[in-house]
Amino acid sequence: MYDVIVVGGSISGLLAAREIARRGFSVLVLEEDAEIGTPEHCGGLVSIDALNSLGIEEYRLLSRIRYATISVLDTTISIDAESKNVITIDRRALDKHVAKQARRNGADMMLMCRARSFAVRDGYVKVDTNRGMMECKVLVDARGCSIPAGTGKGFLPSAQYEVDSACWIDADRVEVYIDQDKYPGFFAWIIPGGKERGRVGVSGKGINAMDRIEQFIAMKEGKYMHGSNTNCNGVNGNNGRCVTLRKVFAPIWIDGPRRPFVKDGRVVVVGDAAGQAKPTTAGGIYTSGMGGLLAGTTIADALANNNLAILNRYEDAWLDIFGKEFEKMLMLRRLFERLDNKAIERILNSVYPHIDEVSASGDFDFHSSALARMIMSIDGLRVVKAVLGSEFRRFLAGIAKV
Ligand SMILES: Cc1cc2nc3c(=O)[nH]c(=O)nc-3n(C[C@H](O)[C@H](O)[C@H](O)COP(=O)(O)OP(=O)(O)OC[C@H]3O[C@@H](n4cnc5c(N)ncnc54)[C@H](O)[C@@H]3O)c2cc1C
């Protein structure tokens, strides 16, 4: 019998456990996998500010990001990201570090323990696991995108390969490739993880993620071997062919918060399970991590005051920080889904003259204003008006309001 059981030992669940244990309450983390942080399904792209806000002082740095490029058809724009303090980290090591923080505070952990179901009964949450029945006063549901089974509306299939010996990866540049035919509603990405290595991924509505990622990598290799990038040719001894070290296939959630965050008075949903990943990029280390952290502190308050009604404050606290930003991101996502490649290319071209302004205005963690700024040029607005028609005014009013 624990005060709190956390189902899911990744960033959001571990941060919740760390905060609950820090206040002296008993907490057990159940993780179905055999190792914290593994299998890793993340690019590890995060800002240093975000790590500071999450109280994470130790991480394994892989790359510092100085540029971000966005490409569509024949157009590429490059955004200066030097001042944004964005890095890539070893995500497995990050989760292990937070697990250590939680453990030092007194949290218990059980690996290879799967919660099959849970239900509130007689003033407790009864948890049915492969190690038997367990009981707690409050349950934290931190199962990530596996709820419900990671399919259906709001989920996109994704594939990400960790590659090495890839001359076409710049160690300080994140690359985004938009193509609404190949990756409808999302994009392909390259996140560097050091010299010639990194994570290459694709996601999109209804795609066969494995086929698309193989094609994307073949395209990069072909371009490298036959294109302008010939100065690298032969450097790694395999003519630009990369080595794939790991393949990950996982759903991402792009539809925003799945409220309520507190169910049946005692079940607190955090992280990706609560839809706390960004609707624009599906990045969630910060936003989902903050969900875990805020839930943990609120649960500790509720237990200390013997008043579970306080639990609802967690949802308000998360929405206070991210509510408006996520609303804007969702509006921009719906617009993006309706644009074709040509329209996006026109918008990118219209950004050129203002690229310094866009680079300066963006905040990596709250990037909706930088994205909105991209479409606010005269030509950008013309494109949006043509696509949205009668909804144009409502869209502008909505963006301005939130
Ligand atoms: C391909 C890909 C790349 C990404 N890249 C980035 C990035 O670069 N930057 C970024 O910020 N975000 C990125 N994200 C998103 C980020 O990984 C997630 O937002 C974040 O991991 C969410 O954390 P979480 O704790 O909510 O859930 P998860 O990390 O999904 O963890 C859920 C945990 O619960 C466990 N679990 C599930 N069901 C049970 C059960 N029944 N019993 C016990 N344990 C269970 C799982 O094994 C897992 O450990 C990426 C996501 C994907 C798919």
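For ligands, and for the atoms within them, numbers begin at 1 and follow the listed sequence.
Counting the atoms of ligand 1 from 1 in the order shown, those under 4.0 Å from a heavy atom of V7 are 40 (C), 42 (N), 43 (C). Heavy-atom proximity to S10, at under 4.0 Å, picks out these atoms of ligand 1: 25 (O), 28 (P), 29 (O), 31 (O), 32 (C), 33 (C), 49 (O). Near A282, meaning under 4.0 Å from one of its heavy atoms, ligand 1 places the atoms 14 (N), 15 (C). Taking every non-hydrogen atom of G271 and a distance limit under 4.0 Å, the qualifying atoms of ligand 1 come out as 26 (O). Listed by number with element, the atoms of ligand 1 under 4.0 Å from a non-hydrogen atom of G144 are 27 (O), 30 (O), 32 (C).
Protein heavy atom closest to atom 48 (C) of ligand 1, with residue, atom name and distance, is E31 OE1, 3.5 Å. Looking from atom 9 (N) of ligand 1 to the surrounding protein, the closest heavy atom is L45 O, 2.9 Å. In this structure, the protein non-hydrogen atom closest to atom 50 (C) of ligand 1 is H41 O, 3.7 Å. Nearest non-hydrogen protein atom to atom 13 (C) of ligand 1 is C42 SG, 3.5 Å. Nearest protein neighbour of atom 11 (O) of ligand 1, counting heavy atoms only, is I285 N, 2.9 Å. The protein heavy atom nearest to atom 19 (O) of ligand 1 is D272 OD1, 2.8 Å. In this structure, atom 20 (C) of ligand 1 lies nearest to the protein heavy atom R91 NH1, 3.8 Å. Among all non-hydrogen protein atoms, the one lying nearest atom 12 (N) of ligand 1 is G284 N, 2.9 Å.
For F322 and F366, the ring centers sit closer than 6.0 Å to each other. Note: W189 and Y183 fail the aromatic proximity criterion, with ring centroids not under 6.0 Å apart.
Checking side-chain atoms of T69 against main-chain N and O of E175 turns up no donor-acceptor pair under 3.5 Å. With hydrogens and angles ignored, the 3.5 Å screen pairs a side-chain donor or acceptor of S158 with a backbone N or O of A250. T244 places no side-chain N or O within 3.5 Å of a backbone atom of R246 that could act as its donor or acceptor partner. At distances below 3.5 Å, at least one donor-acceptor pair connects side-chain atoms of S63 with backbone N or O atoms of A171.
The heavy atom nearest to atom 1 (C) of ligand 1, considering only C113, A277, S158, G292, is found in S158. Across the listed options G37, G43, A142, A159, G43 owns the non-hydrogen atom lying nearest to atom 5 (N) of ligand 1. The heavy atom nearest to atom 3 (C) of ligand 1, out of those in Q276, Q160, R116, is found in Q160. For the residues M112, R143, E35, the heavy atom positioned nearest atom 39 (C) of ligand 1 is part of R143.
Using a 4.5 Å heavy-atom threshold, the side chains of L54 and L15 count as touching. Using a 4.5 Å heavy-atom cutoff, the side chains of C242 and I217 are in contact. Under the 4.5 Å side-chain criterion, counting only non-hydrogen atoms from C-beta, L30 is not in contact with V6. A heavy-atom distance below 4.5 Å is found between the side chains of V120 and V267.
The heavy-atom pair separating T298 from R313 by the smallest distance is CG2-CB, 4.1 Å. In plain terms, the two heavy atoms of S12 and S288 that are nearest each other are CB-O, 3.4 Å.
At least one N or O atom of S12, backbone or side chain, sits closer than 3.5 Å to an N or O atom of ligand 1. In terms of N/O distances under 3.5 Å, ligand 1 is not approached by G283. Close N/O approach between Y286 and ligand 1 is not found [any backbone or side-chain N/O within under 3.5 Å]. Where the criterion is an N or O separation shorter than 3.5 Å, residue side chain and backbone included, I191 fails it with respect to ligand 1. In terms of polar-atom proximity, defined here as any N/O pair under 3.5 Å, E32 does make such a contact with ligand 1.
Residue L30 places a heavy atom under 4.0 Å from ligand 1. Look at A274 and you'll find every heavy atom at least 4.0 Å from all atoms of ligand 1. Contact analysis puts I252 in contact with ligand 1, with a non-hydrogen atom separation below 4.0 angstrom. Under a 4.0 Å heavy-atom criterion, A115 is in contact with ligand 1.
Comment: D255 does not engage R333 in a salt bridge, judged by the lack of any side-chain N to carboxylate O separation of less than 4.0 angstrom.
No side-chain donor-acceptor contact under 3.5 Å links N85 and S47.
A cation-pi arrangement is present between R258 and W253, with the terminal nitrogen or guanidinium carbon under 6.0 Å from the aromatic centre and inside a 45° cone about the axis.
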